[in-house]
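Here's the structure we're looking at; comments come further down.
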Amino acid sequence: MIDPKILRERPEEVLTIYRERLFDEAAVTTAQEVLKVDTERRRLLNAADELKAKRNAASQGIGREKDEAKRAAAIKEMEGVKAEIAALDEKLATVEVEFERLMLQLPNLPAENVPTGKSDAQNIVTREHGEKRRFDFQPKPHWEIGEGLGIIDFERGVKISGTRFYVLKGAGARLQRALIAWMIDVHVEQGYTEIYPPYMVKQACLFGTGNLPKFGDNLYRDAEEDFYFIPTAEVPVTNLYRDEILDAESLPVKHVAFSACFRREKMAAGRDTRGMKRGHQFDKVEMVKFVHPSESAAALQQLLADAEAILKGLELPYRVVKMCTGDLSFAACEKYDLEVFAPGCDEWLEVSSCSNFGDFQARRAQIRFKSSKDKKDKPRHVHTLNGSGLALPRTVIAVLENYQQPDGTVRVPSVLRPYMGGAEVIRKDGSPR
RNA sequence: GGAGAGAUGACCGAGUGGUCGAAGGUGCACGAUUGGAAAUCGUGUGUGUCGAAAGGCACCGCGGGUUCGAAUCCCGCUCUCUCCGCCA
């Protein structure tokens, strides 16, 4: 949620940003409605508060009044006031619900340094790292490598769960598990505290991170109870401190969490159906930070570097892409993607997305901080950031495709060998078919 | 799933219709005292919202109701604890 005060005090500025930076006319319209509703809201609020002040004063008087006749008269008068208050409160409640509903739909405002652009075409490749490997044979896509080695079973995945599901087996499953364990270890080393979060959360959590109300059609949920399956560990981990006031001295708080992620991918129907690039369920290691507002810009750069350390450790060629305003996600004010090159499918795969949300999520989730030392310090919203470090299936794809050999085997990246029982090469494991 | 008990500020705990945003204690912060500390004494110590300010309003698990007035009464819900059942 953006700060309602900014919208109220500098409406033209906000509208211009929505129109000329985000190219989001729906947001412009919504913001204009918010302004109207807000004016009405404050009018009703002031009127109701005034009457309540009158009632409270009178009620105290009634409590002290000994004269029965005067007492009865005062009560009689207050009955009228009571009805007026009830009427105003009812209107106010309606207006407040509307205000909230609209505010939750407004996207975050981009940071100043975010380039203006309408689509991903205006994104900027900030830097590239590592050379694309030169092959003296035709590199295969991961689905061929995986099936050849008997470590990915697409057919059975579809049989038991349907399209967009696959099964990892033997060294394939182990490779993924090795990556998870190693990545978490790296991030812990970087100062992140490991979290094992619930994979199912209450609806309020999704409003907190900004997935709801706008993106509900990408979420799985329990039909009977208030449970949503998390689309990313960002949701439970960010909500860890929902409705809390953190000690300013404890910032920055840095967490790393591994979790399965569940996404309906309805919007992307038909896209990336081949291989394991886009599934309904995938694993991801996620970093989440809660920082002082003055430090979030630097914290984003560090977060990016922390994610990049994984790709560097794996010795995979990657590039850093800075999102332009039009490609920024709903809740982010600044965002970078990390794309790894997969020579088999011959494309850059997005394996990480590192975002600074400013106070947007903190405002929705009411995550604040205050100094425990300085008594005059008022609670303020923290800034939240998160970034994948990294998304698993695509990292597995990149490893398989970049480390493949002409005979169909795959070398194990050296950092993973200790996590793979010392194995240096993945060979055909003798699958039952 | 069945039965019972409970939910008040950072924490403990009082409060069963009126000056209660909430006694008392602990903790914490600042000050006094001290060579320094402990002990002691004093002062202070929630959040949100509206307002230029003065100040107002709201919040005692959550939501509704009764009343001129609700932390206190009524209804619904959630959560926690104990016992039983079941289970990884």
Side-chain angles (χ1 to χ4, degrees), chain A residues 1-11 34-104 196-208 221-222 224-228 236 239-251 253 260 359 362-382:
Chain A
M1 200 148 61
I2 65 165
D3 187 348
K5 280 204 187 97
I6 292 181
L7 181 57
R8 189 186 305 151
E9 285 162 15
R10 309 200 298 269
V34 168
L35 287 165
K36 270 189 243 154
V37 172
D38 187 39
T39 306
E40 177 67 359
R41 182 181 137 259
R42 283 181 296 156
R43 188 185 69 79
L44 290 168
L45 191 63
N46 283 325
D49 279 1
E50 220 168 283
L51 282 178
K52 283 176 190 173
K54 185 174 163 190
R55 176 200 65 191
N56 290 348
S59 286
Q60 282 193 8
I62 291 168
R64 279 192 298 257
E65 183 58 62
K66 295 286 191 281
D67 184 316
E68 270 309 315
K70 282 184 187 169
R71 199 181 151 94
I75 288 175
K76 184 104 181 140
E77 193 196 338
M78 280 307 112
E79 275 168 11
V81 173
K82 182 189 180 179
E84 282 181 70
I85 291 173
L88 282 172
D89 270 349
E90 198 177 325
K91 275 187 215 157
L92 183 61
T94 312
V95 169
E96 248 160 8
V97 165
E98 180 66 359
F99 178 74
E100 184 85 351
R101 188 184 72 81
L102 293 167
M103 281 303 293
L104 286 171
Y196 169 78
Y199 294 180
M200 292 191 281
V201 295
K202 297 195 275 192
Q203 183 176 292
C205 295
L206 293 143
F207 276 96
R221 63 170 179 275
D222 186 297
E224 290 178 7
E225 314 224 31
D226 181 22
F227 279 134
Y228 283 73
N239 279 280
L240 239 30
Y241 306 111
R242 177 155 50 88
D243 298 326
E244 290 192 29
I245 298 172
L246 302 172
D247 187 344
E249 280 73 33
S250 73
L251 298 179
V253 172
D359 64 6
R363 205 171 276 287
R364 290 175 159 240
Q366 288 296 6
I367 306 168
R368 293 172 294 170
F369 72 96
K370 185 173 84 164
S371 171
S372 59
K373 299 223 171 68
D374 181 1
K375 285 291 160 192
K376 271 168 264 161
D377 198 30
K378 285 282 165 202
R380 297 163 62 191
H381 292 100
V382 299

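Just so it is clear: chains get the letters A, B, ... in the order the sequence lines come, proteins before strands, and each one is counted from 1.
- Nucleotides B/rG17 and B/rC12 place their C1' atoms 27 Å apart, quoted to the nearest Å.
- With C1' as the reference atom, B/rC28 and B/rU78 are 32 Å apart, rounded to whole Å.
- Remark: B/rA88 base-pairs with no nucleotide in the shown strands. Criterion, Watson-Crick or G-U wobble with two distances under 3.5 Å.
- B/rC11: Watson-Crick or G-U partner is B/rG25, with both key distances under 3.5 Å.
- Across every strand in view, B/rG76 sits in a pair with B/rC62 that passes the Watson-Crick or G-U test at under 3.5 angstrom.
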Identify the pairs formed between an N or O of the protein and an N or O of nucleotides 59-63 of chain B at a distance under 3.5 Å, and give each distance.
none

Using residues 67-74 of chain A as the side-chain source, report each donor-acceptor pair under 3.5 Å to any protein atom, sequence neighbours left out, with the distance given to one decimal.
unit_1: A/D67; atom_1: OD1; unit_2: A/A69; atom_2: N; d: 2.9
unit_1: A/D67; atom_1: OD1; unit_2: A/K70; atom_2: N; d: 3.2
unit_1: A/R71; atom_1: NH1; unit_2: A/I62; atom_2: O; d: 2.9

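- Scored by the side-chain hydrogen bond (donor to acceptor under 3.5 Å, both in side chains) test, A/Q203 finds A/Y228 as partners (sequence neighbours excluded).
- Listed by chain and number, the residues in a side-chain hydrogen bond (donor to acceptor under 3.5 Å, both in side chains) with A/E98 are A/R101 (sequence neighbours excluded).
- The CD-P distance, from A/E244 to B/rU47, rounds to 15 Å in whole Å.
- Comparing the same atom, C1', in B/rU8 and in B/rG61 gives a spacing of 10 Å after rounding to whole Å.
- Between the CG atom of A/L88 and the P atom of B/rU49 there is a distance of 21 Å, rounded to whole Å.
- Atom C1' of B/rG2 sits at a distance of 30 Å from the matching atom of B/rC73, rounded to the whole Å.
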Mark up nucleotides 67-79 of chain B, 5' to 3', with B wherever a protein heavy atom is under 4.0 angstrom from a base atom, S wherever such an atom reaches only the sugar-phosphate, and - elsewhere. BBS----------

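- Distance A/D243 CG to B/rG48 P: 12 Å, rounded to the nearest Å.
- When atom types are taken as modelled, the side chain of A/D377 and the backbone of A/S371 share a donor-acceptor pair closer than 3.5 angstrom.
- B/rU34 makes up no base pair with any nucleotide shown, lacking Watson-Crick or G-U wobble contacts both under 3.5 Å.
- Nucleotide B/rG48 forms a Watson-Crick or G-U wobble pair with B/rC57, both donor-acceptor distances falling under 3.5 Å.
- Look at B/rA39: it lacks any Watson-Crick or wobble partner with both distances under 3.5 angstrom.
- Between A/H381 atom NE2 and A/R363 atom CZ the span is 5.0 Å, to the nearest 0.5 Å.
- The interatomic distance linking A/K370 (NZ) with B/rG46 (C1') rounds to 7 Å, in whole Å.
- Close to B/rG46, at under 4.0 Å from its OP1 or OP2, lies no side-chain N or O of A/R368.
- As rounded to whole Å, 13 Å separates atom P of B/rG48 from atom CG of A/D3.
- With RNA chain B read from its 5' end, the first of the two nearest nucleotides for A/R42 and A/K378 is the one closest to A/K378.
- Contacts between residues 47-54 of chain A and RNA chain B, defined by a heavy-atom separation under 4.0 Å, are made by A/D49, A/K52, A/A53.
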For A/R368 and A/R380, run side-chain contact (heavy atoms from CB on, under 4.5 Å): C-alpha distance rounded to whole Å, both residues' side-chain angles, the deciding distance at 0.1 Å, then the answer. CA-CA 5 Å; A/R368 293 172 294 170; A/R380 297 163 62 191; 6.0 Å; no

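- B/rC79 and B/rG18 are spaced 33 Å apart, taking the P atom of each and rounding to whole Å.
- Pairs of residues two or more places apart, or lying in two chains, that qualify as side-chain hydrogen bond (donor to acceptor under 3.5 Å, both in side chains) and include a residue from residues 239-248 of chain A are A/N239-A/R242, A/Y241-A/H255, A/D247-A/S372.
- For B/rU82, the paired nucleotide is B/rA3, the pair qualifying as Watson-Crick or G-U wobble because both relevant distances are below 3.5 Å.
- Sequence neighbours left out, the pairs with a member in residues 37-47 of chain A that pass salt bridge (Lys or Arg N to Asp or Glu O under 4.0 Å) are A/R8-A/D38, A/D38-A/R41, A/D38-A/R42, A/E40-A/R43, A/R41-A/E96.
- For B/rC20, there is no paired base (Watson-Crick or G-U wobble, both distances below 3.5 Å).
- Counting non-hydrogen atoms of neighbouring residues, nucleotides and ligands closer than 6.0 angstrom, the OH atom of A/Y199 exceeds 12 such neighbours.
- When side chains are defined from C-beta on, A/M103 counts as touching A/I2, because their heavy atoms get closer than 4.5 Å.
- Among residue pairs with one or both ends in residues 49-59 of chain A, those qualifying as salt bridge (Lys or Arg N to Asp or Glu O under 4.0 Å) are A/K52-A/D89; sequence neighbours excluded.
- Rounded to a whole angstrom, the distance from the C1' atom of B/rA7 to that of B/rA71 is 12 Å.
- Atom P of B/rA54 sits at a distance of 16 Å from the matching atom of B/rC50, rounded to the whole Å.
- Rounded to the nearest Å, the gap between the C1' atom of B/rG31 and that of B/rA23 is 25 Å.
- Here A/E9 pairs with A/K5 under the side-chain contact (heavy atoms from CB on, under 4.5 Å) rule; sequence neighbours left out.
- Residue A/L45 contributes atom CG, which lies 7 Å from atom P of B/rC50 at whole-angstrom precision.
- Applying the ring pair (Phe, Tyr, Trp, His ring centres under 6.0 Å) test to A/F369 and every residue at least two apart in sequence or in another chain returns A/H292.
- Computed from coordinates, the A/D89 CG to B/rG64 C1' distance equals 14 Å when rounded to whole Å.
- With sequence neighbours excluded, no residue forms a salt bridge (charged side-chain N to carboxylate O under 4.0 Å, His left out) with A/E90.
- Distance A/E40 CD to B/rC50 C1': 15 Å, rounded to the nearest Å.
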